[in-house]
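As structure tokens, the structure follows; a few thoughts come after it.
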Amino acid sequence: MDLREFLSGLRSAGMLRFVNDELDINYEIPYVITKFDKGPTLEFTNVRGFRDTHVVGNIVNTRNKVYRALGVKTDVEFYRRLLWAEEVAPSYRPGETNNVVYDPLPSVDLTKLPIPRYFELEPGPCLTSAVVVGMDTKENVLNASIHRLTPIGPDRFVIRLVPRHLYRIYMRNREIGKDTPISISWGLHPAILVAAASSPSFGTFELNMANALLNGSLKVKSLDNGVPAPAHAEVVMEGYISARETTKEGPCMDVLGTYDEVREQPVVRITRIYVRRDGPLIAQALVAGYSEHKLLMGIEKEAKIWQFVSNVVPEVKSVRLTDGGCGWLHAVVAIRKQSDGDPKNAIMAAFAAHPSLKYVVVVDDDINIDDPSEVEWAMATRFRADEDLVLIKYARGSTLDPVAIDPLQGITTKMGIDATRPISSDISRFRKGVIPASLDPDKLRIE
Ligand SMILES: C/C(=C\C(=O)O)CCOP(=O)(O)O
Ligand SMILES: [Mn+2]
């Protein structure tokens with residue numbers, strides 16, 4: 001399964017529309033994508049200045065499409081499948097092949113690639129949906145993750161490295177004076193994107209996880225620098241993260257919909273570009289701060305929160321990283337509690353599961369956590385700040401948080417809210433009002 005097959009499945013299911021007007025990849029296509037933020041997948045067939053190229057946006061901008069990509073139907077099925085893939089990843093190493101769909105370009109020139117330009121204050125075009133595989137040259141540890149890459153020359157990017165696994169690999173290589181060999185793959189089946197956006201423990205290779213999610217069908221090619229890349233990507237680049245060279249990165253839009261800080265970040269040197277040529281090249285545009293970005297970043301964290309909270313509370317119905325909380329900073333967890341102390345433990349478990357989380361509300365399982373008004377209703381009727389509020393000062397949060405105490409380290413204050421009704425009290429005081437009638441109002445003759 002590659003991106004093209006996934007897109008054709010969406011088209012057959014009526015979930016993908018073609019846009020045939022001539023549009024520019026600079027601002028125009030991203031703008032249209034944001035106007036259909038929770039809508040259909042859009043395939044732009046007439047991209048100004050780029051022949052034989054389509055741009056696709058909103059490929060997994062809804063929960064439904066993510067679940068479709070992973071072959072699951074319900075939240076709990078999704079949590080179990082993703083956690084299973086993290087667990088079994090070591091025994092799902094993808095097979096190696098030289099039978100790839102892409103060919104090398106005669107020369108390296110990033111300006112020839114259809115990399116979109118998104119937001120007004122950004123310094124230029126930005127690659128927001130590519131998977132970077134990096135290798136620890138000493139231990140041969142591999143890691144796959146998604147990073148913002150801004151071209152700064154025909155063969156150079158600057159890469160935003162959050163202090164996580166690729167950063168650790170880069171630091172370990174740097175300590176012995178080595179550049180970090182990488183592959184950058186763009187235009188991938190969403191299962192690979194979901195895996196790369198996941199955080200299994202260091203040493204678990206996310207492409208193995210993707211292979212498990214794809215039922216063992218993923219194939220990889222080893223590039224000349226020794227790093228694997230998926231054999232069915234639209235574009236693959238081979239290169240190195242420089243151990244010495246850094247430059248300013250940003251200002252670039254992040255998942256919060258605000259401009260991330262400008263930081264000194266490592267430079268990437270590209271040594272080869274491979275491009276798919278069988279039919280139009282499919283370039284994936286992903287607009288930072290919109291639904292696809294939020295879902296890809298947050299959805300694995302929902303599974304992790306579900307897992308961690310399930311360790312302390314027997315029944316966890318569902319978890320949402322909320323839209324207003326940017327799919328990253330705010331969560332709602334619906335539980336069926338057995339003790340009035342359960343929600344506090346659930347709050348602690350949620351913070352342990354997702355270090356960037358800043359605010360979590362725990363509700364009973366009669367609350368629809370997809371409806372922000374119902375969640376607020378639970379807070380209005382089941383929460384009292386003197387005993388149901390947890391504040392944790394000076395904890396590790398997100399490096400993106402504009403009000404962090406220390407933005408470099410992402411240190412902030414966290415808040416947990418127990419909006420569940422007390423077990424001991426009269427349940428009827430907390431029940432939602434129901435009118436016992438079963439007629440269909442849509443069938444009434446209302447003039
Ligand atoms: C750089 C990040 C997201 C983005 O660019 O939108 C990830 C931030 O991760 P934290 O661990 O929350 O700092
Ligand atoms: Mn990792």
Side-chain angles (χ1 to χ4, degrees), residues 82 85-87 89-90 118-119 122 126-136 139-150 158-172 180 182 192-210 227-228 249-263 265-266 286-301 304 321 325-331 351-359 395-412 414:
L82 200 67
E86 292 195 8
E87 187 88 22
Y118 296 94
F119 289 93
E122 289 180 339
C126 189
L127 202 51
T128 51
S129 54
V131 169
V132 180
V133 175
M135 187 166 72
D136 177 336
E139 314 268 346
N140 277 347
V141 175
L142 291 165
N143 188 79
S145 41
I146 300 177
H147 296 265
R148 192 163 69 213
L149 290 149
T150 308
V158 56
I159 185 168
R160 158 79 151 115
L161 278 190
V162 183
R164 293 196 205 128
H165 294 172
L166 183 60
Y167 177 78
R168 183 166 166 197
I169 286 175
Y170 155 78
M171 291 301 278
R172 275 156 65 143
T180 298
I182 56 169
I192 302 177
L193 298 177
V194 171
S198 298
S199 310
S201 55
F202 185 72
T204 296
F205 184 28
E206 291 79 359
L207 286 191
N208 297 358
M209 196 184 149
V227 180
E249 194 259 1
C252 290
M253 188 55 50
D254 63 36
V255 74
L256 306 192
T258 56
Y259 287 95
D260 196 3
E261 283 204 28
V262 177
R263 299 178 180 80
Q265 292 286 283
L286 187 146
V287 189
Y290 282 81
S291 287
E292 185 159 41
H293 188 193
K294 293 180 194 174
L295 268 168
L296 275 173
M297 268 185 67
I299 205 158
E300 187 247 4
K301 299 295 175 221
K304 283 273 165 65
L321 283 169
C326 317
W328 195 239
L329 298 186
H330 291 179
F351 285 135
H354 175 27
S356 301
L357 192 65
K358 189 159 101 159
Y359 162 80
R396 163 80 201 272
S398 173
T399 60
L400 306 176
D401 183 359
V403 295
I405 299 160
D406 176 342
L408 261 185
Q409 298 184 67
I411 292 171
T412 193
K414 306 202 175 205

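We count ligands from 1, going down the list as the structure has it; atoms in each ligand are counted the same way.
In this pair, Tyr290 and Phe119 present their aromatic rings parallel. The plane angle is below 30°, not in the 30 to 60° band.
Look at His293 and you'll find a heavy atom under 4.0 Å from some atom of ligand 1. Under a 4.0 Å heavy-atom criterion, Gln409 is not in contact with ligand 1. At least one heavy atom of Met297 sits closer than 4.0 Å to an atom of ligand 1.
Among Asp401, Leu329, Leu400, the residue whose heavy atom lies nearest to atom 2 (C) of ligand 1 is Leu400. When Thr399, Thr128, Val255 are checked for heavy-atom proximity to atom 6 (O) of ligand 1, Val255 turns out nearest.
Proximity to Ser398 (heavy-atom distance under 4.0 Å) selects the following atoms of ligand 1: 10 (P), 12 (O), 13 (O). Near Ser356, meaning under 4.0 Å from one of its heavy atoms, ligand 1 places the atoms 10 (P), 11 (O), 12 (O). If you number the atoms of ligand 1 from 1 as listed, the ones under 4.0 Å from a heavy atom of Arg396 come out as 11 (O).
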Task: side chain to side chain contact (heavy atoms under 4.5 Å, CB included) evaluation trace for Met209 with Leu82 - done: CA-CA 8 Å; Met209 196 184 149; Leu82 200 67; 3.9 Å; yes
TODO: Take Leu321 and His354 through the test side chain to side chain contact (heavy atoms under 4.5 Å, CB included) and record every step on the way to the result.
DONE: CA-CA 10 Å; Leu321 283 169; His354 175 27; 4.0 Å; yes
TODO: List the steps and the verdict of side chain to side chain contact (heavy atoms under 4.5 Å, CB included) for Arg148 and Asp260.
DONE: CA-CA 11 Å; Arg148 192 163 69 213; Asp260 196 3; 3.0 Å; yes
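Distances between N or O atoms of Arg160 and those of ligand 1 include no value under 3.5 Å.
To the nearest 0.5 angstrom, Leu149 atom CG is 11.0 Å from Gln265 atom CD. Leu193 contributes atom CG, which lies 13.5 Å from atom CE of Met297 (distance to the nearest 0.5 angstrom). Of the inter-residue distances, the one linking Leu329 atom CG with Leu400 atom CG reads 7.0 Å to the nearest 0.5 angstrom.
For the residue pair Lys301 and Ser356, no side-chain donor N or O sits within less than 3.5 Å of a side-chain acceptor on the partner. Side-chain polar atoms of Ser145 and His147 form a donor-acceptor pair below 3.5 angstrom.
Not one N or O on the side chain of Glu249 forms a donor-acceptor pair closer than 3.5 Å with the backbone of Thr150. A donor-acceptor pair is defined here as one N or O able to donate and one able to accept, closer than 3.5 Å; no such pair exists between the side chain of Lys358 and the backbone of Gly325.
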Report, one line per pair, each donor and acceptor closer than 3.5 Å where one atom sits in a side chain of residues 163-171; sequence neighbours left out.
| residue | atom | partner | partner atom | Å |
| --- | --- | --- | --- | --- |
| His165 | ND1 | Asn143 | OD1 | 3.4 |
| Tyr170 | OH | Arg174 | NH1 | 3.2 |

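Heavy atoms of Lys294 found under 4.0 angstrom from ligand 1: none, in either backbone or side chain.
The protein non-hydrogen atom at the shortest distance from atom 5 (O) of ligand 1 is Arg148 NH1, 3.1 Å. Arg164 NH2, 3.2 Å is the protein heavy atom nearest to atom 10 (P) of ligand 1.
Protein N/O/S atoms closer than 2.8 Å to the Mn ion (ligand 2), listed by chain and residue number, are Asn143 OD1, His165 ND1, Glu206 OE2.
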